[in-house]
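A note on names: the letters A, B, ... follow the listed sequences, proteins ahead of strands, and every chain is numbered from 1. All values derive from a computational prediction rather than experimental measurement.
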Number of protein chains: 2
Amino acid sequence: MTAITRSDDVRRQNRRVVISVLRRHGRLSRTDICATTGLSASTVSAITADLIDETILREVRDAETTGARRGRPQVALGLNPEAATVIALVLSMNSLSAALINYAGEVIASVQRKLPTLTLPRDELVHAAVAVTGDLIAQSAKIGMRVRRIVFGVQGITDSGSRMLLWSPITQHTDVGFADAIETAFGIPTTIENDCNMIALALGEHRPDRYRDNFLAVMLSHGIGMGLVLKGQLFQGTTSSGAEFGHMNHVPEGALCRCGKRGCVEAYAGNYAIWRNAKGLPEEDAPAVDIGDEEMQALADTARDHDGPEREAYRRAGEALGYGLGSLFSLIDPAPVIFIGQGARAFDLIEGPMREAMAKTAGGQHHRLPPFETEPDERPLIREGCASLALTFVDREIFAAGAAGAQDLQRETA
Amino acid sequence: MTAITRSDDVRRQNRRVVISVLRRHGRLSRTDICATTGLSASTVSAITADLIDETILREVRDAETTGARRGRPQVALGLNPEAATVIALVLSMNSLSAALINYAGEVIASVQRKLPTLTLPRDELVHAAVAVTGDLIAQSAKIGMRVRRIVFGVQGITDSGSRMLLWSPITQHTDVGFADAIETAFGIPTTIENDCNMIALALGEHRPDRYRDNFLAVMLSHGIGMGLVLKGQLFQGTTSSGAEFGHMNHVPEGALCRCGKRGCVEAYAGNYAIWRNAKGLPEEDAPAVDIGDEEMQALADTARDHDGPEREAYRRAGEALGYGLGSLFSLIDPAPVIFIGQGARAFDLIEGPMREAMAKTAGGQHHRLPPFETEPDERPLIREGCASLALTFVDREIFAAGAAGAQDLQRETA
DNA sequence: CTATTTTTTTCGAGCCTCGAATTAAAGAGG
DNA sequence: CCTCTTTAATTCGAGGCTCGAAAAAAATAG
């Protein structure tokens with residue numbers, strides 16, 4: 001049902017627009033905001049005055065404003081870094097990291113912990129996340145800033161409500177209720193999100209020239225993940241975080257996948273699959289649990305050096321990815337792709353066979369794609385994506401509502 | 001960029017909501033509208049008074065209002081059938097049909113024409129559509145009603161702006177600019193849409209209990225099409241009508257598809273593929289151009305009668321569909337499916353192998369699906385979908401804007 | 001020191017929604 | 001037959017919001 005609009009929704013929406021252009025552009029004068037948004041000068045004046053009163057915005061007067069122009073000089077406005085803090089939590093294989101981030105998006109504290117995710121009991125895993133979060137909340141309190149939002153990025157499948165980790169390769173537990181645990185411990189809104197989705201958000205923010213309305217971030221590591229943005233919106237499944245690209249079928253009755261089924265793209269293109277093929281092991285062998293980066297590096301070097309099972313393994317990986325992307329592009333039309341993660345270091349071995357396979361599919365035959373890009377280090381992107389999502393939430397749900405609306409929000413969530 | 005909100009957007013939006021609940025529920029009293037929408041009685045009173053003045057709504061006083069209730073009786077409001085008309089055009093293999101539909105969604109005139117779509121020159125094809133449309137516009141004018149919107153449903157791929165038929169199996173021409181041709185001929189907003197997408201819209205309207213937020217309509221006929229609704233929204237490609245399910249890859253380097261590539265789902269599950277396999281023809285044989293319904297019916301009967309190449313052909317069709325759906329469900333999570341079109345008559349032969357194949361994929365392993373449904377006759381659904389889309393456009397873009405806003409709209413499109 | 005230019009704020013007009021009060025239109029009951 | 005009760009719909013004033021015009025503020029130019 002389409003929602004009705006009330007008079008105060010107008011102000012909420014326009015506050016949101018003002019905050020969002022400032023987040024995108026950094027600092028703008030009131031006149032700039034008029035030009036960018038289309039709002040009238042009087043409205044911008046009223047809204048910014050309110051936001052400054054609420055210490056969400058502040059005037060930034062530095063010496064080098066514009067230089068020698070005639071007339072009253074513009075005064076730049078910017079988001080007030082001290083308006084709030086958010087926390088970005090990232091859990092990956094054997095490692096938990098967290099960052100405290102101010103309202104301007106700057107990291108002001110961070111924590112890193114090693115922990116054996118594969119073997120840790122459920123409670124201890126959850127507790128580790130809660131403990132690390134508690135540390136950062138305390139640090140934030142020390143400098144007098146309130147943490148308004150927590151986003152937890154993790155490899156694996158989350159539910160569509162972003163409450164639980166349904167399944168993950170880094171732990172044997174399923175349906176782990178991280179978000180609720182953190183939320184009840186501290187009373188701060190928290191969601192848990194798929195790591196590839198966070199990477200996609202980060203790319204959209206960092207490089208809007210290339211990664212804006214439609215693009216894919218494909219993670220090449222032990223498994224295969226994907227973050228997909230369509231029409232400027234993160235694409236998610238209907239009941240899960242969705243877009244499990246790695247488990248599209250490549251070869252019916254094919255190689256054994258980590259998920260227990262056969263023939264998935266991942267069963268050819270994941271690190272364990274490349275390793276299995278390179279070592280000449282049978283396709284129905286159970287996937288190795290974890291393979292060191294150095295070992296994969298060595299495999300790639302051998303493949304580069306001479307033709308043999310290693311090169312063939314990478315060829316098959318590229319082929320699987322190519323067919324998978326081809327099928328995907330039949331559904332969504334082609335879009336720019338960036339390959340993320342440690343596996344992207346061997347992209348030179350993968351790209352040729354991948355393009356060849358794609359050309360054999362119906363998807364993407366009409367359109368020319370921009371060249372593929374790679375980014376081997378996924379970790380900073382995941383953190384930035386989490387931070388970006390958390391800040392956007394604060395912008396939209398808390399600060400756009402204003403003092404009166406904030407009470408509405410509390411009632412709603414209660 | 002998020003759009004700003006003006007004061008009059010509020011009224012536009014709330015008018016839209018009122019119109020839309022009336023379209024969904026048929027007839028409602030003002031009090032009912034308050035309850036359904038959450039608008040206050042005074043606002044509903046003001047909005048409905050305007051809409052009645054503009055002859056978009058009307059009071060329906062029939063004898064059997066509510067029966068014996070105390071107090072002032074409610075007076076039902078309904079959409080005024082004479083507020084406008086729209087035209088639903090449907091082009092399929094060798095046939096062009098068109099219907100004139102009033103604002104209440106009732107067909108008030110229709111035309112049907114046989115024409116050899118495969119051989120007709122480009123101009124004549126376009127002209128046929130224009131001519132049929134002209135006839136209905138004349139009929140509408142005769143009863144004093146203005147045609148406000150035309151939607152053209154057709155099998156094939158359209159562009160994302162819904163202006164052109166990019167490719168279609170029913171003609172050899174590509175990039176046929178139907179929408180612009182009709183729009184310039186009559187000055188009435190026109191779009192061209194994929195037939196399966198229209199089927200999905202019709203299902204969403206007819207059977208919201210089952211087909212509402214997430215579902216698929218898979219068309220089984222000469223080729224394989226799909227209409228996909230996610231989160232209540234029709235899913236479309238980024239540059240085309242998208243969701244070319246039939247051209248997802250099933251078997252690398254597999255059977256020759258009508259699209260020129262190899263191994264597409266359609267190359268196993270389309271009528272021509274089933275026919276090719278049943279007749280024992282090699283997989284690289286060029287697809288037959290068209291196969292009569294009776295011939296497919298006979299094939300299915302043979303397959304039901306005894307095991308043999310016919311039954312095996314249907315088994316492989318089911319297998320291809322199963323793997324395709326499995327891959328799709330990896331991306332979007334499982335959703336109810338309805339199989340549409342002539343091929344659905346043989347669904348009894350397809351379902352078993354299809355389920356078996358799906359179970360071998362990662363998609364849809366966790367969730368139980370409702371039983372599949374079938375609907376062999378696609379034509380009424382396509383027409384209803386087109387009509388529904390056209391009426392929704394009138395509701396939202398024209399009537400919600402009101403007299404003042406309508407001028408805005410003209411300026412915008414100019 | 002005054003005129004000019006540009007930015008920002010202030011003020012009134014015109015919408016819109018909402019709640020309260022009012023009017024309208026029926027049945028219930030003596 | 002007339003009055004009371006009940007429910008539906010309209011009217012009216014209060015309070016928001018955006019906008020354009022006018023005014024105020026803050027700089028440079030001469």
Side-chain angles (χ1 to χ4, degrees), chain A residues 3-18 27-53 57 59-61 63-77 400-405 408, chain B residues 3-18 27-53 57-77 400-405 408:
Chain A
I4 62 165
T5 308
R6 295 211 171 63
S7 197
D8 42 325
D9 292 334
V10 175
R11 177 47 77 87
R12 197 197 329 274
Q13 169 63 10
N14 289 338
R15 278 170 66 109
R16 176 184 293 188
V17 169
V18 168
R27 49 177 57 170
L28 293 172
S29 71
R30 292 171 179 80
T31 316
D32 294 336
I33 295 175
C34 295
T36 325
T37 62
L39 288 167
S40 73
S42 30
T43 303
V44 170
S45 188
I47 289 176
T48 53
D50 284 353
L51 291 174
I52 291 170
D53 276 356
L57 260 50
E59 300 194 337
V60 231
R61 323 189 93 100
E64 53 81 40
T65 36
T66 43
R69 280 255 307 295
R70 210 163 156 166
R72 178 175 174 174
Q74 304 185 347
V75 24
L77 300 178
D408 281 358
Chain B
I4 62 165
T5 307
R6 293 211 172 65
S7 196
D8 42 325
D9 292 333
V10 175
R11 178 47 78 89
R12 196 194 334 272
Q13 169 64 11
N14 289 338
R15 279 170 64 110
R16 177 183 293 188
V17 169
V18 168
R27 49 179 56 174
L28 292 172
S29 71
R30 292 170 179 81
T31 315
D32 294 336
I33 296 175
C34 295
T36 326
T37 62
L39 288 166
S40 73
S42 32
T43 303
V44 170
S45 189
I47 289 176
T48 52
D50 285 354
L51 291 174
I52 291 171
D53 276 356
L57 259 49
R58 61 172 194 186
E59 298 193 341
V60 232
R61 321 190 94 99
D62 34 19
E64 53 80 39
T65 36
T66 41
R69 280 256 309 295
R70 212 161 154 167
R72 177 176 175 174
Q74 304 184 349
V75 25
L77 301 177
D408 281 358

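- Put simply, Arg6(B) has a side-chain N or O that comes within less than 4.0 Å of OP1 or OP2 on dC19(D).
- A salt bridge is defined here as a Lys NZ or Arg NE, NH1 or NH2 lying under 4.0 Å from an Asp or Glu carboxylate O, and Arg6(A) with Asp9(A) fails to meet this definition.
- Within the structure, every side-chain polar atom (N or O) of Asn14(A) is placed at least 4.0 Å from both OP1 and OP2 of dC17(D).
- For the atom pair Leu57(B) CG and Thr48(B) OG1, the distance stands at 7.0 Å (nearest 0.5 Å).
- Between the P atom of dA25(C) and the CZ atom of Arg72(B) lies a distance of 6 Å, rounded to the nearest Å.
- The side chain of Arg11(B) places an N or O atom within less than 4.0 Å of a non-bridging phosphate oxygen (OP1 or OP2) of dT17(C).
- In terms of phosphate contacts, Ser45(A) brings a side-chain nitrogen or oxygen within less than 4.0 Å of OP1 or OP2 of dT9(C).
- Per the geometry, CG belonging to Asp9(B) stands 10 Å off C1' belonging to dT18(D), to the nearest Å.
- Between Ser7(A) and the phosphate of dT17(C), there is no side-chain N or O to OP1/OP2 separation shorter than 4.0 Å.
- Remark: Asp32(A) CG to Leu77(A) CG distance equals 9.0 Å, nearest 0.5 Å.
- With rounding to the nearest 0.5 Å, the separation of CG in Asp8(B) from CZ in Arg15(B) is 11.5 Å.
- Considering only side-chain atoms of Gln74(A), the nucleotide from dA25(C), dC19(D), dT7(C) that sits closest is dT7(C).
- Note on Thr31(B): only backbone sugar-phosphate atoms sit closer than 4.0 angstrom, heavy atoms only; bases stay farther off.
- Distance check: Arg58(B) CZ to Arg27(B) CZ gives 8.0 Å after rounding to the nearest 0.5 Å.
- The CG-C1' distance, from Leu77(A) to dT8(C), rounds to 11 Å in whole Å.
- Rounded to an integer number of Å, the gap from CD1 of Ile47(A) to P of dT18(D) is 5 Å.
- Positionally, the nearest nucleotide of DNA chain C for Val44(A) lies more toward the 5' end than for the other of Ile4(A) and Val44(A).
- Comparing atom distances between the Ser42(B) side chain and each of dC18(C), dC19(D), dC16(C) picks out dC18(C) as nearest.
- OP1 or OP2 of dC18(C) has at least one side-chain nitrogen or oxygen of Thr43(B) nearer than 4.0 Å.
- In this structure, CG of Asp50(B) is placed 10 Å from P of dT17(C), rounded to the nearest angstrom.
- Here Arg12(B) does not reach the OP1 or OP2 of dC16(C): none of its side-chain N or O atoms lies under 4.0 Å away.
- With the nearest nucleotide of DNA chain C identified for both Ala49(A) and Thr5(A), Ala49(A) has the one nearer the 5' end.
- Rounded to a whole Å, the CG atom of Asp53(B) is 11 Å from the P atom of dT10(D).
- For the pair Glu59(A) CD and dT8(C) C1', the computed distance is 10 Å after rounding to whole Å.
- Rounded to an integer number of Å, the gap from Arg30(A) CZ to dT8(C) P is 6 Å.
- Listed nucleotides: dT11(D), dC17(D), dT6(D). Nearest to the side chain of Arg70(B): dT6(D).
- The backbone N or O of Ala3(B) lies less than 3.5 Å from a partner atom in the side chain of Gln13(A), making a donor-acceptor pair.
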